[in-house]
Number of protein chains: 2
Amino acid sequence: MKDHSDLACTNVHSAIQDTLYVVNGKWKLLLLSILINEGTKRFGELARASGISPRILSKELHELELNQLVSRQVCPTKPVTVEYSATPYAGTLKEVIDAMIRWGQRHKQKLVRS
Amino acid sequence: MKDHSDLACTNVHSAIQDTLYVVNGKWKLLLLSILINEGTKRFGELARASGISPRILSKELHELELNQLVSRQVCPTKPVTVEYSATPYAGTLKEVIDAMIRWGQRHKQKLVRS
DNA sequence: CCGCATCCCTAAGGATACTG
DNA sequence: CAGTATCCTTAGGGATGCGG
């Protein structure tokens, strides 16, 4: 008999929902992917690389910071620049991100073929 | 030198966004997880298992059907029942779903510890 | 350059009631 | 039982302009 007890299913369901809650919306996983794969970036660079408007970008980065997935470093240049990096903890999301990249690529191939 | 050409990055970015577009929202990955891990379910069973209200559930299932991720089978019982199953193609999302389950479980552990 | 404030619009999602 | 219709609330996200 497979493990379909209520408890096990509930845990699986809530685990997915917990993850979705942290990385909700159109942008968070994209931003993490950029920071993980391309390293530290400044605010403006992220805005250009992602196509996100400054208001949304600011909000998303702030939420990612609250979840300890990105770190923010202010550089005392003139005028100031701000650098964002993926934290080590964000690395634990890499397998999610990579799986999504692979699936998106395969899915596009499928659409072309059909 | 790492492969950071514009083209490669663009492909990675759009692959993520393509995936996010297909499985957007709070519910689609949860529904697929249930159907993949627990097998075929009727509309009412899905509603109870997921906690989704009928209107939303109907809409989400319809969108998943359009993307060929679930199949819908009407059974000529009295009154009719309708069974939903994950398609073989939905199996290709399993690595995404499993990665999210693992991450959600680890993340909850982390929150408990800190 | 960073990123907040304001304003606005659309999309997502929930509650309830109802019909085939 | 399945799922649509109606109504409503909230969240997501875009544009622009200003201040540090």
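All of these numbers come straight from a predicted model, not from anything done at the bench.
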**Student:** Below the 4.0 Å mark, does D/dT4 have OP1 or OP2 next to a side-chain nitrogen or oxygen of B/S58?
**Tutor:**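 So the side chain of B/S58 is within the cut-off, an N or O lying under 4.0 Å from OP1 or OP2 of D/dT4.
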
**Student:** Taking CZ from A/F43 and C1' from C/dC4, how many angstroms apart are they, rounded to a whole number?
**Tutor:**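 The answer, rounded to whole Å, is 10 Å.
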
**Student:** Would a distance-only check, ignoring hydrogens and angles, find a side-chain to backbone donor-acceptor pair under 3.5 Å from A/N24 to A/Y21?
**Tutor:** yes

**Student:** Round to the nearest Å and state the distance from A/Q73 atom CD to C/dG3 atom P.
**Tutor:**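 Computing the A/Q73:CD to C/dG3:P distance gives 12 Å.
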
**Student:** Starting the side chain at C-beta, find the nucleotide from C/dC4, D/dG3, D/dC1 nearest to B/T81.
**Tutor:**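 For the B/T81 side chain, the nearest candidate turns out to be D/dC1.
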
**Student:** Nearest-Å distance, CG (B/L20) to C1' (C/dA12)?
**Tutor:**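 Value for this atom pair: 16 Å.
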
**Student:** Rounded to whole angstrom units, what separation is found between the CZ atom of B/R42 and the P atom of D/dA2?
**Tutor:**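 Atom-to-atom, B/R42 to D/dA2, this comes out as 5 Å.
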
**Student:** Does a side chain donor of either B/W103 or A/T92 reach within less than 3.5 Å of an acceptor in the other side chain?
**Tutor:** yes

**Student:** Taking 4.0 Å as the cut-off, does a side-chain nitrogen or oxygen of A/K59 come that near to OP1 or OP2 on C/dC4?
**Tutor:** no

**Student:** Could you tell me whether a side-chain N or O of A/S33 sits under 3.5 Å from a main-chain N or O of A/L29, the two making a donor and an acceptor?
**Tutor:**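 It does not hold such a pair.
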
**Student:** Would you find a donor on one side and an acceptor on the other, under 3.5 Å apart, between the side chain of B/S58 and the backbone of B/P54?
**Tutor:**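 No, because the side chain of B/S58 does not come within donor-acceptor range (under 3.5 Å) of the backbone of B/P54.
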
**Student:** With the side chain of B/V82 defined as its heavy atoms from C-beta on, choose the nearest nucleotide among C/dG13, D/dA2, D/dG13.
**Tutor:** D/dA2

**Student:** What is the distance, rounded to the nearest whole Å, between atom CD of B/E60 and atom P of C/dG14?
**Tutor:**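 After rounding, the gap between these two atoms is 9 Å.
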
**Student:** Take atom CZ of B/R72 and atom C1' of D/dG3, then tell me their distance rounded to the nearest Å.
**Tutor:**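 After rounding, the gap between these two atoms is 9 Å.
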
**Student:** Base of C/dG13, side chain of B/R55 - is there a donor-acceptor contact under 3.5 Å?
**Tutor:** yes

**Student:** Out of D/dA2, C/dG14, D/dG14, which has the shortest distance to the side chain of A/W27?
**Tutor:** D/dG14

**Student:** Output the rounded distance in Å from CG (B/N24) to C1' (C/dA11).
**Tutor:** 10 Å

**Student:** Given atom CD of A/E63 and atom C1' of D/dG12, what is their separation to the nearest angstrom?
**Tutor:** 10 Å

**Student:** If you round to the nearest 0.5 Å, how far is NE2 of B/H107 from CD of A/Q68?
**Tutor:**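 Answer for the CD-NE2 pair, A/Q68 versus B/H107, is 8.5 Å.
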
**Student:** Does a side-chain N or O of B/Y84 approach OP1 or OP2 of D/dG3 to a distance below 4.0 Å, or not?
**Tutor:**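 Indeed, a polar side-chain atom of B/Y84 lies that close.
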
**Student:** Any idea which of D/dG14, C/dA12, D/dG3 is nearest the B/P54 side chain?
**Tutor:** D/dG3

**Student:** At 4.0 Å (heavy atoms only), tell me whether A/K78 reaches a base, stays on the sugar-phosphate, or touches nothing.
**Tutor:** nothing

